[in-house]
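Residue numbering restarts at 1 for every chain, and letters A, B, ... go by the order of the sequence lines.
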2 protein chains.
Amino acid sequence: MVKQISSHVPCYCAVLRKAVRRVSVLYDAKLKDSGLKTTQFSLLGELRRHRTAPLTMNELAEYLVMDRSTLGHNLRPLLRRRLVALKPDAVDGRTRRVTITARGEAKFANAEKLWEKAQKEYEAVIGKPAAVALRSALQKLATSDAL
Amino acid sequence: MVKQISSHVPCYCAVLRKAVRRVSVLYDAKLKDSGLKTTQFSLLGELRRHRTAPLTMNELAEYLVMDRSTLGHNLRPLLRRRLVALKPDAVDGRTRRVTITARGEAKFANAEKLWEKAQKEYEAVIGKPAAVALRSALQKLATSDAL
DNA sequence: GTTATATTGGGGCATATGCCTGTATAAAAG
DNA sequence: CTTTTATACAGGCATATGCCCCAATATAAC
């Protein structure tokens, strides 16, 4: 893209959404050859982080700051491709625990290299200190109880 | 929501997306009674800002930092509800200029009151100075040529 | 134990987002 | 003037997002 013009909009949400569109395009482009979208990459990453004690869908949704039904929808393509699996819980018949498969692990490892390039490019644009500070502010925002 | 837990994820994009989910829920909830989603409200606002000289779809997409096809999709529900209109350009047969209708203006004016409450609540959560600084950083990010 | 309440997740609906491809129109090349 | 190239937009495809309502299961109240 060239010579980006945009109104100076007062809406906090609108500006946030503009930024996420722009940044998502960057990350999705970098991840393209891996066959994963940014959301899918993040989802697999979260599962990887909880390999030893798989989360229920509710827990996973909370970690991802995502609606339960959204998580369900996002899991479907990954289930179809056997990158993740659902295991019925031993004690609670309602819950299913979400795990990353070996295929998923492999896919993630491959995508991680491309993701690092996206991270570097993002940092190059706004500067690493600013990037880290911004991420910290957004993390706080994303996990604020008060909202 | 209560007691939000979330991993400390290194991906700038993932955290940005988490934040946008969370904030969008707040704004959409506030705007609910207006019958407009946040994106629709922003879209109408942008049209309103250019009332006197309606933009082409390409121009509008650029202002919104949004893909052209995404804009087309987002316009469809608004066209259906007669909140916006497309006028063929006088000189260029390919372009269509997007305008907000009287109905759209009325809808926007009503939604604006609710939007202000969302803004206030958002500011209350993270503090007004932080909110303004964050918006400024995100605006820069959204409109950076380098990306 | 039976009933009431709460939790877990699924399915349907609508919008949001962007890619790729095609079509129509305009502008440039010759 | 015809051909080529560039631009503007539409449509199909897939994922992303969240709401609502519902069924199944579990827990609490009695």
Return no unless some side-chain N or O of [X] is found under 4.0 Å from OP1 or OP2 of [N].
X: B:Thr70; N: C:dG18; value: yes
X: A:Asn74; N: D:dT17; value: yes
X: B:Arg80; N: C:dT15; value: yes
X: A:Arg17; N: C:dT17; value: yes

[X] has an atom [atom1]; how far is it from atom [atom2] of [N], in whole Å?
X: A:Tyr27; N: C:dG18; atom1: OH; atom2: P; result: 16 Å
X: B:Leu86; N: D:dA8; atom1: CG; atom2: P; result: 15 Å
X: B:Glu62; N: D:dT7; atom1: CD; atom2: P; result: 13 Å
X: A:Arg76; N: D:dG18; atom1: CZ; atom2: C1'; result: 14 Å
X: A:Asp89; N: D:dA24; atom1: CG; atom2: C1'; result: 15 Å
X: B:Met66; N: C:dG18; atom1: CE; atom2: P; result: 7 Å
X: A:Asp33; N: C:dC19; atom1: CG; atom2: P; result: 14 Å
X: A:Lys37; N: D:dT17; atom1: NZ; atom2: C1'; result: 13 Å

- Query: Can you tell me how far the CG atom of B:Leu60 sits from the CG atom of B:Leu43, to the nearest 0.5 Å?
  - Reply: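 Here the rounded value is 5.5 Å.
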
- Item | Nearest-0.5 Å distance that lies between atom CZ in A:Phe108 and atom CG in A:Leu36 |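 Spacing of CZ (A:Phe108) from CG (A:Leu36) equals 9.0 Å.
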
- salt bridge (Lys or Arg N to Asp or Glu O under 4.0 Å) against B:Asp67, all qualifying residues, sequence neighbours excluded: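 Once residues adjacent in sequence are excluded, B:Asp67 has no partner under the salt bridge (Lys or Arg N to Asp or Glu O under 4.0 Å) criterion.
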
For the side chain of [X], counting heavy atoms from C-beta on, which of [options] is nearest?
X: A:Lys32; options: C:dC20, D:dG11, C:dG18; answer: C:dC20
X: B:Pro77; options: D:dT17, C:dT15, C:dC19; answer: C:dT15
X: A:His73; options: C:dC19, D:dT17, D:dA16; answer: D:dT17

- Comparing A:Asp28 and A:Gly72 on DNA chain C - which has the more 5′ nearest nucleotide: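 Result of the comparison: A:Gly72.
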
- Message: Which is more 5' along DNA chain C, the nucleotide nearest A:Glu59 or the one nearest B:Leu75? Just name the residue.
- Response: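 Its nearest nucleotide being more 5', the pick is A:Glu59.
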
- Interface with DNA chain C, restricted to residues 91-107 of chain B and to heavy atoms under 4.0 Å: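 Correct list: B:Val91, B:Asp92, B:Gly93, B:Arg94.
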
- Task: Quick one: which residue pairs count as a salt bridge (Lys or Arg N to Asp or Glu O under 4.0 Å) with a foot in residues 26-41 of chain B, not counting sequence neighbours?
- Result: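 Non-adjacent pairs meeting salt bridge (Lys or Arg N to Asp or Glu O under 4.0 Å): B:Lys30-B:Glu121.
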
- What is the minimum heavy-atom distance between A:Glu123 and A:Ala131, and which atoms define it?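 Nearest heavy atoms, A:Glu123 then A:Ala131: CG-CB, 4.3 Å.
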
- Can you see which heavy atom on A:Arg82 is nearest to which on A:Arg103, and at what distance?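 Taking A:Arg82 first and A:Arg103 second, the nearest heavy atoms are O-CB, 3.6 Å.
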
- Query: Should we count CZ of B:Arg96 as having more than 12 external heavy atoms under 6.0 Å?
  - Reply: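 Counting neighbours around CZ of B:Arg96, 12 or fewer heavy atoms of other residues, nucleotides or ligands fall under 6.0 Å, so no.
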
- Message: Just checking B:Arg49: does its CZ atom have more than 12 heavy atoms from other residues, nucleotides or ligands closer to it than 6.0 angstrom?
- Response: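 Counting neighbours around CZ of B:Arg49, more than 12 heavy atoms of other residues, nucleotides or ligands fall under 6.0 Å, so yes.
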
Looking across every strand, which nucleic acid part, if any, lies under 4.0 Å from [X] by heavy atom: base, sugar-phosphate, or nothing?
X: A:Ser69; value: base
X: B:Thr56; value: sugar-phosphate
X: A:Asn58; value: sugar-phosphate

